Amino acid sequence: MQRTLVKDALNATASSNAILLQGWVRTRRDAKAFSFIELNDGSCLKGMQVIVDATLPDYGNVAQANTGASIEVHGKLVESKGGGQKWEVVAEKFTVLGEADNTYPLQKKGHSLEFLREIAHLRPRSNLFGAVFRVRSRLAYAVHQFFQERSFHYVHTPIVTASDAEGAGDMFRVTSLDLANPPKTADGKGVDNAQDFFGKKTFLTVSGQLEAEIFASALSNVYTFGPTFRAENSNTSRHAAEFWMIEPEVAFCDLNGNMDLAEAFVKHLIRDAKEHCAADLEFFGKFVDKDLLARLDFVLEKPFVRCSYTEAVTILEQSGKTWEHPVAWGANLQAEHERFLTEEHFKCPVTVYNYPRAIKAFYMRQTDGTAEGRETVAAMDLLVPGIGEIIGGSQREERLDKLRAGMALHQLNEKDYWWYLDLRRYGTVPHAGFGLGFERMLMFVTGVANIRDVIPFARTPGTADF
RNA sequence: UGCCCGGUAGCUCAGUGGCAGAGCAGGUGACUGUUAAUCACUUGGUCGUAGGUUCGAUCCCUACCCGGGCAGCCA
C-alpha cells in the first residue's frame with residue numbers, strides 16, 4: 001500500500017477507508033478507551049491526529065509510541081469528532097518501527113535555540129526547524145526558478161581555487177601535504193608547494209564571481225549558487241565560515257540594471273515563500289517575530305530606496321545622532337550607519353551605490369566624471385531592516401586600462417589575473433553582478449535572528465560539529 | 001580578535017559565605033474526544049574546570065573552557 005504524506009492527508013477533500021501514514025510521534029495523550037497520537041512526517045508543519053482504540057489487537061504497541069518514536073499507521077481517514085482539526089486517522093493496524101526512550105531530548109515544550117544547536121541531528125524534528133528547512137528548500141528552488149525563467153544559465157564555479165586574492169576575505173587552505181613534515185624548497189626555508197596535490201597553493205573559494213564573469217562573457221546571463229567559505233574569525237549572528245551564495249553575472253548590464261535585478265530577485269523570493277510556505281511563515285510570525293508578515297508585505301509593496309553613498313553620508317551627518325564610528329566621506333559605512341538608514345531613516349530596504357573607490361574591490365567600475373579626491377566606483381549594497389547587508393554587488397570594470405589601474409591601486413599582481421585581464425582584451429562588454437547571502441535571505445524571510453539556525457549544520461569559528 | 005553577559009536537575013531558570021530549590025520533562029496512579037490535556041504522588045545534583053581567599057565556597061578572587069550578545073571583517 002502506498003504511503004500518504006500528512007500534508008496530503010490534511011488537504012483531503014473526502015474521507016478514505018484505507019490510508020497509510022508513516023512518521024514520528026510528537027505527543028501522545030492516553031484516555032481509558034483509546035489514545036491520541038500526533039504524527040508528524042515533516043511534509044508540513046501540522047501533524048495528523050491518530051486515534052488508537054483500546055480494543056485494537058495492536059493497542060499494546062501504543063505504550064512504546066513515546067515522543068520521538070517512529071510509527072506506521074494503517075487506518076481510515078475520517079472527519080474528526082474533536083475541535084482542533086478537520087481530519088483524523090482511526091488506526092486499524094498500529095506499528096512502532098523505532099522506539100524512543102525517555103532519554104529523547106526533544107520535549108513537547110519549546111526549547112532554547114542554543115540547546116537545539118547542540119542537538120542539530122534532532123532539531124529538524126522540531127516545529128521551528130522543520131519550518132526553517134522547508135523554507136530553505138523551497139527558496140533554493142525559487143532561486144533557480146527566478147533565473148531560469150529569465151534565461152540565465154547556471155554555472156558551477158570551482159570550490160577549490162588557486163587564486164588566493166579574490167579580494168573577499170581570508171581563505172581556507174586546501175592541501176594534501178603532511179603538515180607535520182611538509183616537503184621543503186631547495187633552500188630549505190619554505191614549504192615546497194609544487195609538491196602539493198595541485199602543484200600549487202590552493203584554497204576553498206570565497207566567491208565564484210571572477211569565474212562567473214568568464215561565463216557571462218560567453219553565455220550573457222549566468223548565475224552561481226553554491227557553498228562559499230570564509231576563514232574570518234567572525235563571531236556574530238550574521239556570519240558563518242561556510243555559507244551559500246547566489247551570484248548572478250550579467251553581460252551588457254550597468255549598475256542600474258544590476259539594482260533592478262537585485263530588487264526583483266529579493267521580491268521574488270519573498271513572494272514565493274509567502275505563496276508556498278504560508279503555514280510555516282505564519283508559524284514564524286507567531287513564535288519568532290510578530291512583525292514578520294507585515295514587514296514582508298511592506299517590502300513587497302514598496303520600491304526599494306536607492307541612495308548614493310555621498311547622499312547617505314550627508315543624511316548620517318545631518319541626523320543629529322552621535323555615532324560610535326565617525327561618519328566621513330571616504331570611510332566605510334558601519335553597521336550602526338546601515339541600520340539607521342534602513343531601519344530609522346528610510347524604514348525600508350535601501351540600495352546604497354557609488355562607494356569611494358579606495359574602500360572597494362579592484363574590479364569595480366570607476367564612475368566616470370567624479371571629482372578629484374572623491375572618485376567612486378559603481379558598487380552597491382542592499383541593506384534590509386534587522387540584518388543589514390544582504391547583497392553586495394557592482395558593475396565590473398570592463399576597460400582594460402582602468403582595470404589595470406585599479407589593480408595597481410590595490411597592489412595586485414597582473415600575472416595572477418592574466419585570464420581575467422584577457423576578458424577585457426577580447427570582446428569586452430559592460431557587465432555587472434552581485435552576491436546574495438542565501439542564509440541572510442532566509443533570516444530575513446523567516447525572522448530567525450541567528451545564521452546558525454537557518455543552515456542545517458553551521459560552521460563557525462571553533463565549531464564544526466555533525 | 002576586542003568588549004559585555006552567562007554556565008546550578010534531562011530542559012528553562014531562581015537562590016544563598018553555613019542541610020541544594022521551582023516549573024516543565026521523566027516515573028507511578030487517577031481522570032478525560034484529548035490536542036503544549038488535567039489532577040495527585042514521585043525519581044533526579046561533582047552548582048563548567050582548575051587553583052586561591054576562608055573555620056567553612058555553588059556564592060568572593062584569578063586563570064582556563066564552553067555558550068550567547070555587540071563590534072570589526074562581509075554575504
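No experiment lies behind these values; they were computed from the predicted model shown. Just so it is clear: chains get the letters A, B, ... in the order the sequence lines come, proteins before strands, and each one is counted from 1.
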5'-most contact on RNA chain B: A:N332 or A:P105, nearest heavy atom basis? A:P105
Only pairs at least two apart or in different chains count here, so list each side-chain hydrogen bond (donor to acceptor under 3.5 Å, both in side chains) that has a residue in residues 325-334 of chain A. A:T310-A:W329
Tell me if the side-chain of A:S234 makes a donor-acceptor pair with the base of B:C73, cut-off 3.5 Å, by modelled atom types. yes
Minimum-distance nucleotide (side-chain atoms of A:R29 versus B:A75, B:A37, B:G26): B:A37
Closest listed nucleotide, where the reference is the side chain of A:R440 and the choices are B:A75, B:C73, B:A71: B:A75
Over 12 non-hydrogen atoms of neighbours within 6.0 angstrom of CZ in A:F172: yes
Just by distance, do the side chain of A:T67 and the backbone of A:R26 share a donor-acceptor pair under 3.5 Å? yes
Atom P, compared across B:C59 and B:G26: separation rounded to whole Å: 33 Å
Is A:E114 touching bases, backbone alone, or none of the nucleic acid, heavy atoms closer than 4.0 Å? sugar-phosphate
If each of A:R117 and A:N66 is mapped to the nucleotide of RNA chain B with the nearest heavy atom, which maps nearer the 5' terminus, i.e. the 5' end? A:N66
Given atom CD1 of A:I359 and atom C1' of B:C74, what is their separation to the nearest angstrom? 13 Å
Could you list the protein-to-nucleotides 31-33 of chain B atom pairs, N/O on both sides, closer than 3.5 Å?
unit_1, atom_1, unit_2, atom_2, d
B:C31, OP2, A:K32, NZ, 3.3
B:U32, N3, A:D30, O, 3.2
B:U32, O4, A:D30, O, 2.5
B:U32, O4, A:A31, N, 3.1
B:U32, O4, A:K32, N, 3.1
B:G33, O6, A:K81, NZ, 3.3
B:G33, N1, A:E88, OE1, 3.4
B:G33, N1, A:E88, OE2, 2.7
B:G33, N2, A:Q49, NE2, 2.8
B:G33, N2, A:S80, OG, 3.4
B:G33, N2, A:E88, OE1, 2.3
B:G33, N2, A:E88, OE2, 3.3

Could you run through RNA chain B and flag its stems, i.e. three or more consecutive Watson-Crick or G-U pairs with both distances under 3.5 Å? B:1-7 with B:65-71, B:10-13 with B:21-24, B:26-30 with B:38-42, B:48-52 with B:60-64
Applying a 4.0 Å non-hydrogen cut-off, can you work out what A:A335 is touching in the nucleic acid: base, sugar-phosphate, or nothing? sugar-phosphate
Expected output: side-chain A:S137 to main-chain A:F133 donor-acceptor under 3.5 Å: no
Quick one: does A:H111 reach the base of B:C11 with a side-chain donor-acceptor pair under 3.5 Å? no
Under 3.5 Å donor-acceptor, A:E343 side chain and A:G386 backbone: yes
Applying a 4.0 Å non-hydrogen cut-off, can you work out what A:N102 is touching in the nucleic acid: base, sugar-phosphate, or nothing? sugar-phosphate
To the nearest angstrom, the CD-P distance between A:E338 and B:C73 comes to 9 Å
Specify the separation, in whole Å, of atom CD1 of A:I387 and atom P of B:C70. 12 Å
Parallel, tilted or perpendicular: which describes the rings of A:F36 and A:F34, with under 30° parallel and over 60° perpendicular? perpendicular
For A:R452, is there any backbone N or O sitting under 3.5 Å from a side-chain donor or acceptor partner on A:R117? no
Have a look at A:T27 and say if it touches a base, only the backbone sugar-phosphate, or nothing, with a 4.0 Å heavy-atom cut-off. sugar-phosphate
Contact class for A:T463 vs. all strands (heavy atom < 4.0 Å): base, sugar-phosphate, or nothing? sugar-phosphate
At 4.0 Å (heavy atoms only), tell me whether A:R452 reaches a base, stays on the sugar-phosphate, or touches nothing. sugar-phosphate
Does a side-chain N or O from A:R238 land closer than 4.0 Å to OP1 or OP2 of B:A71, or not? yes
Backbone N or O of A:V454 within a donor-acceptor pair of the A:R136 side chain at under 3.5 Å? yes
B:C4 to B:G44 separation - P atoms, rounded to the nearest Å: 41 Å
Does A:S237 place a side-chain N or O at less than 4.0 Å from the phosphate oxygens OP1/OP2 of B:C70? yes
Using a 4.0 Å heavy-atom cut-off, does A:G84 contact any base of the nucleic acid, only the sugar-phosphate backbone, or nothing at all? base
Is the NZ or CZ atom of A:K267 positioned over A:F304's six-membered ring, under 6.0 angstrom from the centre and within 45° of the axis? yes
Give me the distance, rounded to whole Å, that separates B:U16 from B:U34 when you measure between the C1' atoms they each carry. 43 Å
Touch class at under 4.0 angstrom, heavy-atom based, for A:G83 against every strand present: base
By the rule that syn is within 90° of 0, classify the base conformation of B:C59 as syn or anti. anti
Once you measure the plane-to-plane angle for A:Y420 and A:F362, does it fall in the parallel (<30°), tilted (30-60°) or perpendicular (>60°) bin? perpendicular
Please confirm whether the shortest side-chain N or O distance from A:N450 to OP1 or OP2 of B:G69 is below 4.0 Å. yes
Which residue is it: A:R150, A:Q148, A:E249? I am looking for the one with a side chain to side chain contact (heavy atoms under 4.5 Å, CB included) to A:Y223. A:Q148
